[in-house]
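Okay, structure first, notes after.
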2 protein chains.
Amino acid sequence: MRPSKRDELVRKALNIFYREGFHATGMDLLSGETGISKTTMFKHFHSKDELILAVLRLRDQDFRTWLFRRMAEAGEPRAQLLAMFDALAEWFAKPDFRSCMFIKAASEYPDPDHPIHVQSAEHKRMLFRQLQAIASEAGAKDPAGLARALLLLKEGAIVTAHLGHEADPAGDAKAIAEKLISAALD
Amino acid sequence: MRPSKRDELVRKALNIFYREGFHATGMDLLSGETGISKTTMFKHFHSKDELILAVLRLRDQDFRTWLFRRMAEAGEPRAQLLAMFDALAEWFAKPDFRSCMFIKAASEYPDPDHPIHVQSAEHKRMLFRQLQAIASEAGAKDPAGLARALLLLKEGAIVTAHLGHEADPAGDAKAIAEKLISAALD
DNA sequence: TTGAAAGTGTACAGATCAGTTCATTTTGGA
DNA sequence: TCCAAAATGAACTGATCTGTACACTTTCAA
């Protein structure tokens, strides 16, 4: 089995779903835009939902790899935590930024038991675990509490960057994070 | 003109869109669930998008009226600001809570120039203005900055309540808000 | 009571949706 | 070179989508 076509499909579908939305993107359009025949698409994935789940798995990998690599470059655990918001600022500045794929997925599949909704929630949990580990390394008194607070700031910044009129939501979030981190580590 | 049918339609459509999503809710289903004929629906609104815009206008009114009334009951401006998070906690606890309608609308209509997206952003701006006024009354050194920070916490709490596994996102947000308000008023 | 406005039910148009079928062509490794 | 796996294109199913047409009924106020 050669996985290249399948991977190519998932990666291209990711960009289109992210830009246009899930329901608004039909399989015919997807086939046309990717240049991959519908027959092949349905050979790799038995349904549109399965394709979306594969897209979300890829996005989860890509996003967490990107974010925590950026954070790791900052050095000390305490600096890593703050660096999350610098990474967010870069993301928001991209012209094709359109919010968080998992917030959007959960919005389009509101049933909490739907696999797409469940998998979106799982992404957030993975973020929490990794962030908690760094907060722990940094010597936080309550690593879980600090991780929850920083993630709350992250989600707020994303929504505000997408829907708000603010100049620098990532900067606002970072300023708050600095206070929280100082208080959590002293 | 008797507006009762029209209002009834908008109010019932609001609940269905909120529960099921916009694209996932067809006009036939809407007609069936509301008991209002499709002919009448399209006499009042020339398209589904127009109905959605009316739904969002109603939701904007309802939500801001509810939120700022709850806050006003808290008395002093400083207490009002904190009361926002108590109101959020009540909202999150409702069994039919499914995130913020405007975050969902912007997710389903990702084109920033789409009227539905524009109107969703406008809701957030209205929230900002009202919150800024209260921050100003409270004597904040930078009312706009405090309003931005509190709204960022609000959006983060909503997303976390919808998608996260946290026990009390509104409480987490409130704890952070307390620190910010104290620092902004001293 | 009457008459216009508002609402109904049904059937329909035309497009699009997810997903299938099948005969043909392309591909890449042995 | 050969062969099986992979991919293709195009037509097709049946359902659903937004929106329309039209004849009929209900409502309400003058």
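Each chain gets a letter, A, B and so on, in the order its sequence line appears, and its residues count up from 1. Hydrogens, waters and symmetry mates play no part in the numbers below; they use all other heavy atoms, side chains included.
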message: Counting only side-chain nitrogens and oxygens, does B:K5 get under 4.0 Å of the OP1 or OP2 atom of D:dT27?
response: no
- prompt: Does A:R59 make a cation-pi contact with A:Y18, if we ask for NZ or CZ under 6.0 Å from the ring centre and within 45° of the axis?
  reply: yes
message: Just so I know, are the side chains of A:K104 and B:K104 near enough to count as touching, which here means a heavy-atom distance under 4.5 Å?
response: no
query: Starting at the 5' end of DNA chain D, which residue's closest nucleotide do you reach first, B:L29 or B:F42?
result: B:L29
task: Using whole Å, report how far CG of A:D28 lies from C1' of D:dA10.
output: 11 Å
task: Answer with yes or no whether B:K38 presents, from its side chain, a donor or acceptor under 3.5 Å of a partner atom in the base of D:dG19.
output: yes
- request: Determine the contact category for B:S31: base if any of its heavy atoms lies under 4.0 Å from a base atom, sugar-phosphate if only primed atoms, P, OP1 or OP2 are that close, otherwise nothing.
  value: nothing
message: Could you check whether atom CZ of A:R19 has more than 12 heavy atoms from other residues, nucleotides or ligands sitting under 6.0 Å from it?
response: yes
task: Let me know the distance between CE of B:M41 and P of D:dT18, rounded to the nearest Å.
output: 9 Å
query: What is the distance, rounded to the nearest whole Å, between atom CG of A:L9 and atom P of D:dA7?
result: 10 Å
query: In terms of the nearest nucleotide of DNA chain C, which residue is placed more toward the 5' end: B:G35 or A:T39?
result: B:G35
message: So, does B:H44 get its side chain near the phosphate of C:dG7, meaning an N or O under 4.0 Å from OP1 or OP2?
response: yes
- line: Rounded to whole Å, CE of A:M27 lies from C1' of C:dT20 at a distance of 12 Å
- request: Look at the side-chain N and O atoms of A:K48 and state whether any lies under 4.0 Å from the OP1 or OP2 oxygen of C:dA18.
  value: yes
- prompt: Are any non-hydrogen side-chain atoms of A:K5 and A:I36 less than 4.5 angstrom apart?
  reply: yes
message: Can you measure A:L30 atom CG to D:dT8 atom P for me and round it to whole angstrom units?
response: 13 Å
task: Using only side-chain N and O atoms of B:H46, determine if any of them is under 4.0 Å from OP1 or OP2 of D:dT20.
output: no
field: Between P of C:dA15 and NE2 of B:H23, the distance in whole Å
entry: 19 Å
message: Output the rounded distance in Å from CD1 (B:I36) to P (D:dT25).
response: 22 Å
- request: Tell me which of B:S47 and A:K43 sits closer to the 5' end of DNA chain D, going by the nucleotide each one is nearest to.
  value: A:K43
- request: Please round to the nearest 0.5 Å and tell me the distance separating atom CG of A:L153 and atom CG of A:L180.
  value: 6.0 Å
query: Where the side chain of A:T40 is defined as all heavy atoms beyond and including C-beta, which of D:dA7, C:dA18, D:dG19 is the nearest nucleotide?
result: D:dA7
- prompt: For A:S37 and D:dT8, is the shortest distance between a side-chain N/O and OP1 or OP2 below 4.0 Å?
  reply: yes
message: What is the separation between atom CG on A:D7 and atom P on D:dA7, rounded to the nearest whole Å?
response: 11 Å
